[in-house]
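For reference, the structure discussed in these notes is given below.
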Amino acid sequence: MSTDHSVRSTVRALKDHPRARVLIIGGGINGVGTFRDLALQGVEVALVERGDFCQGASGASSHMIHGGIRYLENGEFRLVHESVVERNRLLRIAPHYVKPLQTTIPVFSTFSGLLNAPLRFITHRSGKPQERGALLVKVGLSLYDAFSRRGGTVPRHRFVGRKRSLAELPALRPDVKYTATYFDASVHDPERLTLDALRDGLEAGPHARAANYVSFVGTHDGGARLRDELTGAEFTFAADVVVNMTGAWVDATNGALGSPSRFMGGTKGSHIVLDHPGLLAATGGREIFFEHSDGRIVLIYPMGGRVLVGTTDVDAGEDLEPVCTDAEIQYFFDLIRHVFPTVAVDRKDIVHTFSGVRPLPRHDDTAPGFVSRDYRIERSVLPGTDRPVLSIVGGKWTTFRALSEQVADEVLGLLGRVRSVDTRNLPVGGGRAYPQDDAGIEAWIAARTGPRISADRARTLLARYGTRADDVLAFLAQGQDAPLRSTAELSVLELAWMAEHEHVAHVADVLIRRTSLAFRGLVTAELAHEVGSHLAPCLGWDGRRTEQEAQAALSLLAQRHRAGTAISGVLQ
C-alpha cells in the first residue's frame with residue numbers, strides 16, 4: 001500500500017489525467033451500475049461521489065429486490081414486468097447478496113376495496129383508506145405470477161384460510177381471514193452489492209476510475225470543478241458526456257452545472273431495526289407485507305437476527321438528508337400492533353434507524369404512494385458547450401442493471417460506439433461460481449478451513465464478499481492476522497484489506513457500509529476505537545485524527561441512526 005496519504009490514490013488517478021469520455025456524478029447503485037456497464041464496454045469513464053458509495057437513498061432502502069406488486073394498481077405494467085424479470089435475473093447473477101424472500105400478506109376482509117381500487121387506478125390518489133380484500137389481493141397476485149413466468153425462479157403464490165393462517169403464524173390478529181404467501185427477493189447487504197459492482201468496473205482496466213468523497217461544485221472553462229472532501233483541494237475535470245445520477249439531488253447538481261431543472265419531487269422513507277426475539281418469532285421467518293390503516297403498504301421482516309420495519313412515504317420537501325422522527329417511530333409501533341396485537345415493542349428495542357429520499361419525479365398533487373417508481377432520461381447540454389448532460393430521474397434498486405444498461409446505451413450512442421458486452425447474464429463480482437445450495441456452501445467453507453481460518457471465519461467472509469472472499473483470504477495469508485478484541489467478525493488484516501481495496505476513508509464507512517455491524521446494533525465505543533486504531537497506519541492518521549474518527553462515527557450513529565445504549569451512554 002502506498003505510504004503517501006496526502007493525496008488518495010483514487011483522487012490522484014483523476015488529477016493526473018483530468019479528463020474522460022464520460023463523467024458520472026453520483027455513486028449510488030444506479031451510478032455505480034452505469035459505471036460498471038460502461039467500463040465493461042471499454043469506455044473511458046470516471047465516477048465521483050460526494051460522500052461514501054451507497055451512502056444516500058441506495059443505502060436507505062427496504063432491502064428488497066421485488067417486482068412491485070402494488071405498482072399493478074398504478075397501471076405500471078411495463079415496470080412490473082421489467083422488475084420481476086430483473087428480480088429473477090439478480091437471483092441468478094448476484095446470488096451472494098440477493099436471496100429468495102418468502103412474503104405473506106395477512107388479509108382481514110373478502111370483498112373490501114373493490115369499488116375504491118378502480119378509482120385509485122384511474123386517479124392515482126389514495127382517497128379514503130379502504131383495505132384491500134381477499135378478492136383484490138388474489139387478482140393482484142395472479143397477475144403478478146403471470147408477469148413472473150419469464151425466467152421464473154420462484155414458486156407461485158398460495159392462499160390459505162384463517163385456521164391454517166393462525167397455525168402458521170399464531171401471533172397474527174385473530175380476526176385474520178386469509179393469508180396470501182408468495183416469493184420476492186431481498187438484498188441483505190445493498191452497500192456491499194454496490195461495492196462489488198464498482199469493483200467489476202474498476203477491474204475492467206485503467207480506463208475506469210472512481211473516487212468517493214469527491215464532490216462536484218461547479219464548472220470551470222467548460223469542465224467540471226471537483227473537490228476532494230477530505231483535503232479541500234479542487235481541480236477541473238473534462239468529459240465529453242456528463243451523467244447526473246445524484247438521485248434526489250439531480251436538480252441541485254444541474255443548478256451547479258448552470259442548467260437549472262425542476263425534475264425531482266422525492267419522498268422520504270424511514271425504517272427502524274429492532275432487536276426483539278418475540279417479534280422475530282412472530283414473523284415465522286417471513287416478510288409480513290400488508291396495508292396499514294392509512295392505506296400505506298408497509299412491511300415487517302427478519303434480517304440477520306433483527307427485524308426491519310418500514311416504511312414511511314411522505315413528501316421530502318427541501319430536506320434531502322432526513323432522520324427518522326419520533327412520529328415515524330410511533331407509526332411503526334402502530335403498524336406492528338395492527339397485525340401482531342400481542343407483541344409489545346418499546347423504544348429500547350430499537351438498535352438502528354435510517355432514512356432516505358427516494359429519487360422520484362415531481363408529482364404535484366399525486367399521492368406519494370402513487371408516484372411512479374419508473375425512470376427516465378432527461379437531456380440537456382453543458383452551458384457554453386455542445387457536450388451532452390444526461391439527468392436520470394427515478395429508478396429503484398430492483399431495476400438498477402436494466403436502468404444502467406439503458407443509460408449506457410444512450411451514452412454509447414452519443415459516443416458513436418456500440419455495445420460489446422451484454423450484462424444480462426454476467427455475474428456480479430463475488431456471485432461468480434457462487435455455491436448453488438447449502439451443501440455447496442458447506443463444501444466451499446470446508447475447503448478453506450484450516451489452522452489459520454476457522455469455519456466460522458470462512459463463513460463470515462463468504463457472506464461478506466461472495467467468492468471474492470478468496471482474494472481476501474489470500475491477502476490475510478500474507479501476514480500475521482488476529483481478530484479484533486471487540487468482535488470476531490473483523491480482523492486486523494481484513495481492515496487493512498478494506499482500506500486498500502474498498503475506498504474506506506472513515507471509521508463509519510466500515511461500521512455502516514462495509515459490514516452490517518451498525519445495522520444489527522453491534523457497535524460499541526470500544527469497537528469504534530479499535531477499528532480506528534487499525535485503520536490509522538493504513539490511512540496515515542495520527543493519534544488525534546484516530547480519536548476524532550472514532551468519535552465522529554459514534555456521534556453519527558447516535559444522532560442520525562438513533563443507535564442503542566452501547567453508544568449513547570458514552571456520549572452523555
Side-chain angles (χ1 to χ4, degrees), residues 1-2 7-56 58-59 190-217 223-231 233-247 249 253 390 392 400-401 403-404 407-408 411 421 423 428-430 465 468 471 497-506 509-510 513-514 539:
M1 186 185 308
S2 170
V7 182
R8 290 179 289 152
S9 61
T10 52
V11 177
R12 188 185 304 113
L14 296 175
K15 281 185 169 182
D16 288 351
H17 179 54
R19 71 159 289 112
R21 298 303 305 276
V22 182
L23 172 64
I24 298 172
I25 306 173
I29 186 57
N30 290 325
V32 167
T34 303
F35 171 81
R36 171 184 185 255
D37 197 317
L38 287 170
L40 292 170
Q41 314 309 320
V43 174
E44 187 182 19
V45 57
L47 180 147
V48 293
E49 162 57 45
R50 68 172 189 162
D52 194 11
F53 300 115
C54 202
Q55 182 174 320
S58 294
E191 299 88 353
R192 293 222 55 91
L193 178 51
T194 304
L195 286 171
D196 217 16
L198 179 76
R199 189 171 173 193
D200 279 353
L202 292 170
E203 289 184 348
H207 62 278
R209 295 167 288 164
N212 55 352
Y213 296 104
V214 173
S215 60
F216 165 75
V217 295
R225 194 69 181 163
L226 304 179
R227 180 171 62 215
D228 182 345
E229 291 296 330
L230 300 189
T231 66
E234 294 188 6
F235 58 100
T236 300
F237 194 92
D240 299 321
V241 180
V242 175
V243 185
N244 177 1
M245 305 192 82
T246 53
W249 286 267
T253 302
L390 305 181
I392 314 307
F400 85 84
R401 191 218 59 86
L403 181 153
S404 300
V407 176
V411 171
V421 175
T423 64
V428 177
Y465 301 96
R468 273 188 167 142
D471 297 339
W497 165 269
M498 289 179 175
E500 184 169 342
H501 296 278
E502 295 201 331
H503 308 266
V504 168
H506 298 292
D509 297 341
V510 172
R513 287 172 293 277
R514 304 304 183 278
L539 299 178

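As a basis for the values below, the full set of heavy atoms in this structure was taken, side chains included, without hydrogen atoms, waters or symmetry mates. Since this is a predicted model, take the numbers as computed values, not measurements.
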Please step through side-chain contact (heavy atoms from CB on, under 4.5 Å) for the pair Val43 and His207, ending with a clear verdict. CA-CA 7 Å; Val43 174; His207 62 278; 5.7 Å; no

Determine, step by step, whether Leu226 and Thr236 satisfy the side-chain contact (heavy atoms from CB on, under 4.5 Å) criterion, reporting the C-alpha distance in whole Å, the side-chain angles of both residues, the deciding distance to 0.1 Å, and the verdict. CA-CA 6 Å; Leu226 304 179; Thr236 300; over 6 Å; no

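Of the inter-residue distances, the one linking Phe237 atom CZ with Leu14 atom CG reads 5.5 Å to the nearest 0.5 angstrom. The structure places OG1 of Thr253 at 4.5 Å from CG of Asn244, a figure rounded to the nearest 0.5 Å. Atom CD of residue Glu203 and atom CG of residue Leu198 lie 10.0 Å apart, to the nearest 0.5 angstrom.
Within the 4.5 Å cutoff, no side-chain heavy atoms of Val214 are placed close to those of Glu49. At a threshold of 4.5 Å between non-hydrogen side-chain atoms, the residues Phe216 and Arg227 do not count as touching. The side-chain heavy atoms of Arg468 and Asp471, taken from C-beta on, include a pair separated by under 4.5 Å. When side chains are defined from C-beta on, Leu23 does not count as touching Val243, because their heavy atoms never get closer than 4.5 Å. For the pair Asp509 and Met498, the minimum side-chain heavy-atom distance is 4.5 Å or more. Within the 4.5 Å cutoff, the side chain of Leu47 has heavy atoms near those of the Phe53 side chain. Side-chain contact check for Leu390 versus Val411: some heavy-atom pair is nearer than 4.5 Å. Looking at heavy atoms from C-beta onward, Leu202 lies in side-chain contact with Phe35 at the 4.5 angstrom threshold.
Listed by chain and number, the residues in a side chain to side chain contact (heavy atoms under 4.5 Å, CB included) with Gln55 are Asp52, Tyr213, Arg513 (sequence neighbours excluded). Residues passing the side chain to side chain contact (heavy atoms under 4.5 Å, CB included) test with Asn30 are Met245, Phe400, Leu403, sequence neighbours excluded.
Not a single donor-acceptor pair under 3.5 Å links the side chain of Arg8 to the backbone N or O of Asp228. Distance alone, capped at 3.5 Å, is enough to place a donor-acceptor pair between the Thr231 side chain and the Ala233 backbone. In this structure, the side chain of Ser58 engages the main chain of Ile29 through a donor-acceptor pair within 3.5 Å. Of the possible donor and acceptor atoms, none in the side chain of Asp37 sits under 3.5 Å from a partner among the backbone N and O of Ala408. With hydrogens and angles disregarded, no donor-acceptor distance shorter than 3.5 Å links the side chain of Asp16 to the backbone of Ala13. Proximity of a side-chain donor or acceptor of His503 to a complementary backbone N or O of Ala211 within less than 3.5 Å is not detected. With hydrogens and angles disregarded, no donor-acceptor distance shorter than 3.5 Å links the side chain of Glu234 to the backbone of Arg225.
Ion pairing of Asp196 with Arg36 is absent here, as no side-chain N (NZ or NE/NH1/NH2) approaches a carboxylate O to less than 4.0 Å. Glu44 and Arg209 are joined by a salt bridge, as a carboxylate oxygen and a charged side-chain nitrogen come within less than 4.0 angstrom of each other. Between Arg192 and Glu502 a salt bridge is recorded (basic side-chain N to carboxylate O distance below 4.0 Å).
When all heavy atoms of Val504 and Ala499 are compared, the pair lying nearest together is CB-CA, 4.2 Å. Here the closest heavy-atom approach between residue Ala39 and residue Ala204 is recorded as O-CB, 3.5 Å.
Sorted by first then second residue, the salt bridge (Lys or Arg N to Asp or Glu O under 4.0 Å) pairs that include residues 236-247, not counting sequence neighbours, are Arg19-Asp240, Arg21-Asp240.
Within the cation-pi definition used here (under 6.0 Å to the ring centroid, within 45° of the axis), Arg50 qualifies as a partner of Trp249.
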